[in-house]
Number of protein chains: 2
Amino acid sequence: MTEVREPAIDAVPIDAVLSALADPVRLTFVRALDAAGDWTCGSDVLGNTGIAIGKSTLSHHIKVLREAGLIRTRVDGIRRLVTLRYDEVEQRFPGLLAMLRERGPASP
Amino acid sequence: MTEVREPAIDAVPIDAVLSALADPVRLTFVRALDAAGDWTCGSDVLGNTGIAIGKSTLSHHIKVLREAGLIRTRVDGIRRLVTLRYDEVEQRFPGLLAMLRERGPASP
DNA sequence: CGAACGGTACGACATGGATCGAACATTGGG
DNA sequence: CCCAATGTTCGATCCATGTCGTACCGTTCG
């Protein structure tokens with residue numbers, strides 16, 4: 001198997017998406033994936049964002065995001081690569097990803 | 001005073017909005033306000049939505065939603081009326097309210 | 001084969017936040 | 001003037017979940 005099971009985009013409830021994005025770690029993670037734009041190793045994203053959490057915690061967050069339909073996980077040999085399900089998310093929740101790029105007024 | 005203090009829409013961080021909407025009670029509340037479309041009394045919304053919580057809990061949720069920039073509270077004599085800040089939210093987070101109307105796949 | 005690597009699964013723990021009840025505040029009416 | 005109606009505030013409690021550590025699993029390579 002080269003793909004990890006993920007829900008169909010139409011089967012994901014908005015509730016799950018909101019809950020998934022309500023966590024600061026996961027929000028930062030999604031923003032980083034959005035900026036990266038390509039398949040990325042999960043632990044690499046950690047390094048890029050400066051988030052300091054254990055690997056089991058990271059695994060947990062990735063699972064939540066995957067079950068919320070936001071990301072996809074691909075098995076590549078010894079590691080797992082993740083990516084935003086960009087087009088699908090945009091189709092189902094138009095404008096959502098653009099919203100997340102909004103950093104808000106806190107940018108000194 | 002006939003208005004309760006609320007943040008300017010541009011001062012609202014997306015984080016606060018996501019956290020506010022991640023709670024099922026608040027999400028239901030916002031949906032009800034959206035459907036009602038007009039000024040609505042807080043306790044009325046409770047009756048309309050069938051949510052069963054104490055009045056202090058309701059007050060708490062309203063406060064969270066107000067501080068997230070989503071609703072406005074107006075003092076009208078003995079009661080307080082709440083409403084969605086529809087146009088402002090739509091301007092700052094285009095598509096968000098439409099997303100919330102999406103009930104997801106659970107609609108038999 | 002067996003060791004190392006990258007990630008997952010599971011149990012335990014701590015903390016944030018949802019909830020409640022009671023006391024307080026404000027307004028309106030008898 | 002006092003009382004009823006409506007919300008807010010404050011403490012206390014309880015639970016969901018973010019976090020960690022350890023054990024485990026699949027893959028790769030010596």
Side-chain angles (χ1 to χ4, degrees), chain A residues 1-7 13 15-30 32-33 39-68 70-83, chain B residues 1-7 13 15-30 32-33 39-68 70-83:
Chain A
M1 152 184 18
T2 71
E3 286 276 345
V4 178
R5 197 62 102 109
E6 76 218 358
D15 314 55
V17 174
L18 291 171
S19 297
L21 294 176
D23 179 84
V25 170
R26 289 194 291 264
L27 182 55
T28 304
F29 202 91
V30 168
L33 284 181
W39 292 96
T40 317
C41 180
S43 27
D44 289 350
V45 176
L46 278 196
N48 296 344
T49 56
I51 298 180
I53 57 177
K55 60 178 182 174
S56 57
T57 305
L58 172 63
S59 185
H60 163 68
H61 284 309
I62 290 185
K63 185 179 184 179
V64 171
L65 287 172
R66 185 175 53 239
E67 289 173 348
L70 294 173
I71 68 177
R72 173 169 296 136
T73 302
R74 188 181 61 171
V75 179
D76 174 66
I78 205 179
R79 58 187 60 177
R80 274 116 193 275
L81 303 177
V82 289
T83 192
Chain B
M1 152 178 26
T2 70
E3 285 276 345
V4 177
R5 197 63 103 107
E6 74 216 1
D15 313 54
V17 175
L18 291 172
S19 297
L21 294 176
D23 180 84
V25 171
R26 289 194 291 265
L27 183 56
T28 304
F29 202 90
V30 169
L33 284 179
W39 298 94
T40 314
C41 178
S43 15
D44 286 351
V45 173
L46 278 197
N48 296 344
T49 56
I51 297 179
I53 58 177
K55 60 177 183 175
S56 57
T57 306
L58 172 62
S59 185
H60 163 68
H61 285 308
I62 289 186
K63 184 178 184 180
V64 171
L65 287 172
R66 184 175 54 240
E67 290 173 349
L70 295 172
I71 68 176
R72 172 169 296 136
T73 302
R74 189 181 60 169
V75 178
D76 173 66
I78 205 180
R79 55 187 63 176
R80 277 120 192 270
L81 304 176
V82 287
T83 190

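Naming: A, B, ... by sequence-line order, numbering from 1 per chain. Values reported hereafter were calculated over all heavy atoms of this structure, with side chains retained and with hydrogens, waters and symmetry mates removed.
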*In Å and rounded to the nearest 0.5 Å, what is the OG1 to CD1 distance from B/T73 to B/I62?*
6.0 Å
*Measure the spacing between CG of A/L58 and CD1 of A/I53 and express it to the nearest 0.5 Å.*
5.0 Å
*Where A/E6 and A/R72 come nearest, the two heavy atoms and their spacing*: OE2-NE, 2.7 Å
*At their closest point, which heavy atom of B/I71 faces which heavy atom of B/L33, and how far apart are they?*
CG2-CD1, 3.8 Å
Between [N] atom [atom2] and [X] atom [atom1], what is the distance in whole Å?
| X | N | atom1 | atom2 | answer |
| --- | --- | --- | --- | --- |
| B/K63 | D/dT6 | NZ | P | 22 Å |
| A/I53 | C/dT8 | CD1 | P | 12 Å |
| A/L65 | C/dT8 | CG | P | 12 Å |
| B/F29 | C/dT19 | CZ | C1' | 16 Å |
| B/D44 | D/dG7 | CG | P | 8 Å |
| B/D23 | D/dC15 | CG | P | 16 Å |
| B/R80 | C/dG28 | CZ | C1' | 14 Å |
| B/R74 | D/dG7 | CZ | C1' | 16 Å |

Enumerate, atom names and distances included, each donor-acceptor pair closer than 3.5 Å involving a side-chain atom of residues 18-30 of chain A, sequence neighbours excluded.
{"unit_1": "A/S19", "atom_1": "OG", "unit_2": "A/D15", "atom_2": "O", "d": "3.1"}
{"unit_1": "A/D23", "atom_1": "OD2", "unit_2": "A/V25", "atom_2": "N", "d": "2.9"}
{"unit_1": "A/D23", "atom_1": "OD2", "unit_2": "A/R26", "atom_2": "N", "d": "3.1"}
{"unit_1": "A/R26", "atom_1": "NE", "unit_2": "A/A20", "atom_2": "O", "d": "2.7"}
{"unit_1": "A/R26", "atom_1": "NH1", "unit_2": "A/H61", "atom_2": "ND1", "d": "3.1"}
{"unit_1": "A/R26", "atom_1": "NH2", "unit_2": "A/S19", "atom_2": "O", "d": "3.3"}
{"unit_1": "A/T28", "atom_1": "OG1", "unit_2": "A/P24", "atom_2": "O", "d": "2.8"}

*Hey, does the side chain of B/R26 come within less than 4.0 Å of C/dA18's phosphate (OP1/OP2), counting only N and O?*
yes
My understanding is that only residues two or more places apart in sequence, or in another chain, count here; which of them pass side-chain contact (heavy atoms from CB on, under 4.5 Å) with [X]?
| X | result |
| --- | --- |
| B/N48 | none |
| A/K55 | none |
| A/S56 | none |

*Does anything in residues 55-62 of chain A reach DNA chain D, meaning a heavy atom under 4.0 Å, and if so which residues?*
A/S56, A/T57, A/H60, A/H61
*asked:* Suppose we screen for side chain to side chain donor-acceptor pair (under 3.5 Å). Which residues come up paired with B/R80, at least two apart in sequence or across chains?
replied: none
Give me, pair by pair, the N or O atoms of the protein and of nucleotides 2-5 of chain C that are less than 3.5 Å apart, along with how far apart they are.
none

_Upstream residue (5' side of DNA chain D) when A/A52 and A/G77 are each assigned their closest nucleotide_ = A/A52
